[in-house]
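In what follows, a single structure is set out as structure tokens and then discussed.
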Amino acid sequence: MEKSALNSECEVNVVLGEEKKGHLIPNGNGHQSANGSLVVGAGAGGAGVPPGAMAPVDKVGYPERETWTRQMDFIMSCVGFAVGLGNVWRFPYLCYKNGGGVFLIPYMLIVFVGGIPIFFLEIALGQFMKAGSINVWNIAPLFKGLGYASMVIVFFCNTYYIMVLAWGFYYFIMSFNSVLPWSTCNNPWNTEHCIEIFRHEDCKNGTIGNSTFGNMTCEELADGSSPIIEFWENKVLNISEGLDHPGTINWQLLLCLTATWIMVYFCVWKGVKSTGKIVYFTATFPYVVLIILLVRGVTLPGAYDGIMYYIKPDWSKLGEAQVWIDAGTQIFFSYAIGLGALTALGSYNRFNNDCYKDAFLLALINSGTSFFAGFVVFSILGFMASEQGVHISKVAESDVHISLSRGVLELTAAAGPGLAFIAYPKAVSLMPVAPVWAALFFFMLLLLGLDSQFVGVEGFVTGILDLFPGKYYMRFRREIAVAICCLLCFIIDLSMVTQGGMYVFQLFDYYSASGITLLWQAFWECVVVAWVYGADRFMDDIARMIGYRPFPWMKWCWSFITPCVCMGIFIFHLLNYKPLTYNNEYVYPWWGEVIGWCMALSSMLCIPVSVIYRLFRAKGTFQERWDNLTKPVWGPHQLEYMATDADFKSLASLTPGTEDNKVIIFESVM
């Protein structure tokens with residue numbers, strides 16, 4: 001329906017529609033020119049569109065993208081994905097290891113120069129491009145390999161991270177016993193070296209009394225092993241001699257793995273409409289458990305000493321490079337940067353959502369959770385020190401380094417099995433009503449990992465489905481895609497529920513999604529957005545979305561500071577590379593390291609290989625190829641919003657009484 005001209009001097013035909021948040025959203029058939037801008041096309045009914053006017057956007061083949069039911073769904077999904085096991089275990093350990101409260105200085109500094117800028121960049125990029133981790137790089141098509149790299153990384157993460165949930169699920173089930181199975185030495189999996197109570201400070205005159213094992217020499221005591229460790233290695237893992245001895249499948253772990261994948265599938269299969277509801281429970285209930293554990297922890301004897309050891313500053317640590325590297329590495333892992341999942345979550349936002357405020361809010365929740373969890377962990381470690389009659393430093397060091405791999409410590413975000421499956425089970429075994437606290441803890445662990453897992457799967461599936469335009473739409477295609485993804489990961493996971501599964505798990509963890517791969521990814525994200533697309537240009541795009549320009553600090557970080565931080569930590573990791581070992585005893589064979597580096601390079605090489613391939617296939621001089629391949633490929637929603645700007649400019653430039661004064665303004669609701 002059309003209205004007559006606004007006045008006799010300037011004829012303006014207006015198609016009635018709706019206005020949303022003050023933005024005019026044109027609707028029609030726009031076309032993209034060779035330089036990424038819009039060119040004039042034919043209007044409705046084949047009528048020509050006057051110069052300067054925007055033609056309608058053709059939405060055929062582009063079904064409207066699903067959006068969050070409410071904005072809180074997005075917030076809770078990001079909290080569930082980014083706040084995980086690393087916040088609860090790894091951060092407190094790093095805080096005490098690197099000078100207590102002093103560690104907060106480098107941590108907070110890198111949060112503002114690295115964590116928040118990239119976190120905001122990924123969310124804003126997804127929201128602006130309305131695409132998953134691959135198509136989002138249509139903003140600079142030459143570097144679309146960044147999308148493929150993130151897909152490879154998140155696929156590896158989805159494959160092996162779920163093993164932490166399977167182990168946690170197994171411990172949760174085993175907690176429903178009147179006597180915790182890892183607290184005694186009278187089980188079939190225990191060895192003759194099993195000792196329930198270690199009191200090394202009582203070892204005087206070469207002997208020590210023990211009601212179960214009789215008199216033991218200090219040498220014999222030193223060779224003893226804890227029932228917690230024996231339960232973990234002999235019962236849960238039933239670990240073999242090495243990577244070349246896979247052994248048999250642990251059917252109990254297989255059942256736990258199967259149940260976990262089924263839960264993940266039914267959390268993801270219907271898309272963000274269902275995911276956004278589930279995270280309200282999976283993301284918030286762990287905080288309830290943390291508060292309960294804190295209340296219980298501070299009432300235990302020795303809790304005060306543990307907390308003071310956690311926050312007591314050691315100013316000399318600020319001069320050590322490792323402290324700064326640990327702070328940077330922790331932020332990149334706990335903020336889930338470089339995996340593409342944040343981009344996928346942001347792509348389901350409304351175009352006008354204020355993602356700038358969201359980024360700061362989510363960063364506050366993430367880092368605040370880490371600091372809060374430290375009080376929970378060290379109140380319990382202080383209790384353990386009091387019960388065993390040793391200093392808190394000895395408890396923390398021994399329990400962290402027992403059965404702790406570097407890779408698990410960094411990526412599964414749990415400071416390794418040493419804390420999640422050894423230290424805390426040991427702590428709850430000393431508490432009254434131990435099974436209740438054990439079940440509560442492992443239920444929290446399961447929820448912390450579950451929402452991270454299904455949001456990771458959501459990010460991967462979103463990227464895959466975005467590769468197929470609407471004309472390939474078929475019924476239940478999302479359900480089928482999620483099923484194929486889960487089934488493929490499950491088949492690979494079968495190698496991790498064998499007796500040699502821990503060696504396979506460490507191989508994935510240490511190489512496939514290590515600090516090196518994520519830092520490499522984050523570095524190129526900043527370079528492409530800031531220097532190829534243009535930092536000022538992207539700031540303008542953000543202003544178009546949220547209604548104002550973010551503080552220039554973001555632009556400075558993307559352009560200079562953050563890439564330097566990423567590359568600095570990246571080089572440090574390369575220079576300090578050490579071959580993978582298990583328990584500091586088993587050294588992986590050379591072919592195991594080759595497999596590991598192949599997994600690492602499978603994502604890292606996506607970027608340079610894709611750039612070289614596209615440049616080689618293009619035509620023209622190098623400059624012409626570069627110019628053509630770095631021009632954005634806009635989607636329908638960008639054409640609509642850009643058309644609005646062009647419409648207003650054309651209105652301002654009209655000359656009354658000329659043939660150029662007929663302008664069509666289209667409005668619609670996106």
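As the structure is a prediction and not an experimental result, all values here were calculated from the model. Position 1 is the first residue of the sequence; numbering continues from there.
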Shortest non-hydrogen contact from G338 toward I153: O-CD1, 4.3 Å
Below 4.5 Å, heavy atoms only, C-beta onward: do W324 and N98 meet side chain to side chain? no
Taking all heavy atoms of A341 and all of V455, pick out the closest pair and write down the distance. CB-O, 4.1 Å
State which residues pass side-chain hydrogen bond (donor to acceptor under 3.5 Å, both in side chains) with W520; sequence neighbours excluded, sorted by chain then number. none
Partners meeting side-chain hydrogen bond (donor to acceptor under 3.5 Å, both in side chains) with Q453 (sequence neighbours left out): none
With a cut-off of 6.0 Å (strictly less than), are more than 12 heavy atoms of other residues, nucleotides or ligands near CH2 of W590? no
Shortest non-hydrogen contact from M129 toward I139: CE-N, 3.7 Å
Please assess W68 against N353 for the test side-chain hydrogen bond (donor to acceptor under 3.5 Å, both in side chains), listing each intermediate value before the final yes or no. CA-CA 11 Å; W68 302 104; N353 174 62; over 6 Å; no
Run the side-chain donor-acceptor check on residues 595-604: report pairs under 3.5 Å with partners two or more places apart or on a different chain.
residue, atom, partner, partner atom, Å
W597, NE1, Y577, OH, 3.3
S602, OG, M599, O, 2.5
S603, OG, A600, O, 3.1

Considering only heavy atoms from C-beta outward, does the side chain of W531 approach that of W558 to under 4.5 Å? no
Taking atom OH as the centre, does Y613 end up with more than 12 heavy-atom neighbours from other residues, nucleotides or ligands that are less than 6.0 angstrom away? no
Below 6.0 angstrom between ring centroids: does that apply to W553 and F112? no
Testing L448, L364, N87 one by one against T369 for a side-chain contact (heavy atoms from CB on, under 4.5 Å), which residue passes? N87
Would you call L629 and P141 a side-chain contact if the rule is heavy atoms closer than 4.5 Å? no
Describe, in one word, how the ring planes of F103 and F91 are oriented to each other, choosing from parallel (under 30°), tilted (30 to 60°) and perpendicular (over 60°). tilted
Would you call L615 and L142 a side-chain contact if the rule is heavy atoms closer than 4.5 Å? yes
Who passes ring pair (Phe, Tyr, Trp, His ring centres under 6.0 Å) against F266, sequence neighbours left out? W269
How are the rings of F128 and F351 set relative to one another: parallel (under 30°), tilted (30 to 60°) or perpendicular (over 60°)? tilted
Is the shortest side-chain heavy-atom distance between I123 and L345 below 4.5 Å? no
Quick check: do N366 and S334 have side-chain heavy atoms less than 4.5 Å from each other? yes
Identify every side-chain donor-acceptor pair in residues 562-571 under 3.5 Å, counting partners at least two apart or on other chains, and give the distances.
residue, atom, partner, partner atom, Å
T562, OG1, V113, O, 2.5
T562, OG1, C557, O, 3.2

Checking side-chain hydrogen bond (donor to acceptor under 3.5 Å, both in side chains) for the pair Q330/D326: CA distance, chi angles, key distance, verdict? CA-CA 6 Å; Q330 168 64 13; D326 283 345; over 6 Å; no
The criterion is side-chain contact (heavy atoms from CB on, under 4.5 Å); which residues satisfy it with V504, sequence neighbours excluded? L243, S495, M496, F508
Go through the steps for Y348 and T462 under the test side-chain hydrogen bond (donor to acceptor under 3.5 Å, both in side chains), then give the verdict. CA-CA 10 Å; Y348 296 115; T462 298; 2.8 Å; yes
Restricting to non-hydrogen atoms, name the atom on G80 and the atom on D451 that form the minimum distance, rounded to 0.1 Å. O-OD1, 2.8 Å
Can you confirm whether M72 is buried at CE, in the sense that more than 12 heavy atoms of other residues, nucleotides or ligands lie under 6.0 Å from that atom? no
Does the side chain of D493 pick up a donor-acceptor pair with the side chain of W261 at under 3.5 Å? yes
Does F155 have any ring pair (Phe, Tyr, Trp, His ring centres under 6.0 Å) partners at least two apart in sequence or in another chain, and if so, which? F460
Pairwise side chain to side chain donor-acceptor pair (under 3.5 Å) hits with a residue in residues 103-113, at least two apart: Y107-S367
Which heavy atom of L257 sits nearest a heavy atom of M163, and at what distance? CD1-SD, 4.0 Å
Testing the basics here: between P579 and E593, what is the closest heavy-atom pair and its distance to 0.1 Å? CB-OE2, 3.4 Å
Could you check whether any side-chain heavy atom of R549 comes within less than 4.5 Å of a side-chain heavy atom of D536, counting everything from C-beta outward? yes
Suppose we screen for salt bridge (Lys or Arg N to Asp or Glu O under 4.0 Å). Which residues come up paired with E458, at least two apart in sequence or across chains? R478
With sequence neighbours left out, the residues meeting ring pair (Phe, Tyr, Trp, His ring centres under 6.0 Å) with Y588 are Y586
Please assess N628 against E624 for the test side-chain hydrogen bond (donor to acceptor under 3.5 Å, both in side chains), listing each intermediate value before the final yes or no. CA-CA 6 Å; N628 290 330; E624 291 173 342; over 6 Å; no
Does L146 reach the side chain of S150, with side-chain heavy atoms less than 4.5 Å apart? no
Are R544 and D541 close enough for a salt bridge, meaning some N to O gap below 4.0 Å? yes
In terms of relative ring orientation, are F143 and W626 parallel, tilted or perpendicular, with 30° and 60° separating the classes? perpendicular
Ring pair (Phe, Tyr, Trp, His ring centres under 6.0 Å) partners of Y280, counting only residues at least two apart: none
Salt bridge (Lys or Arg N to Asp or Glu O under 4.0 Å) involving D73 - partner list, sequence neighbours excluded: K277
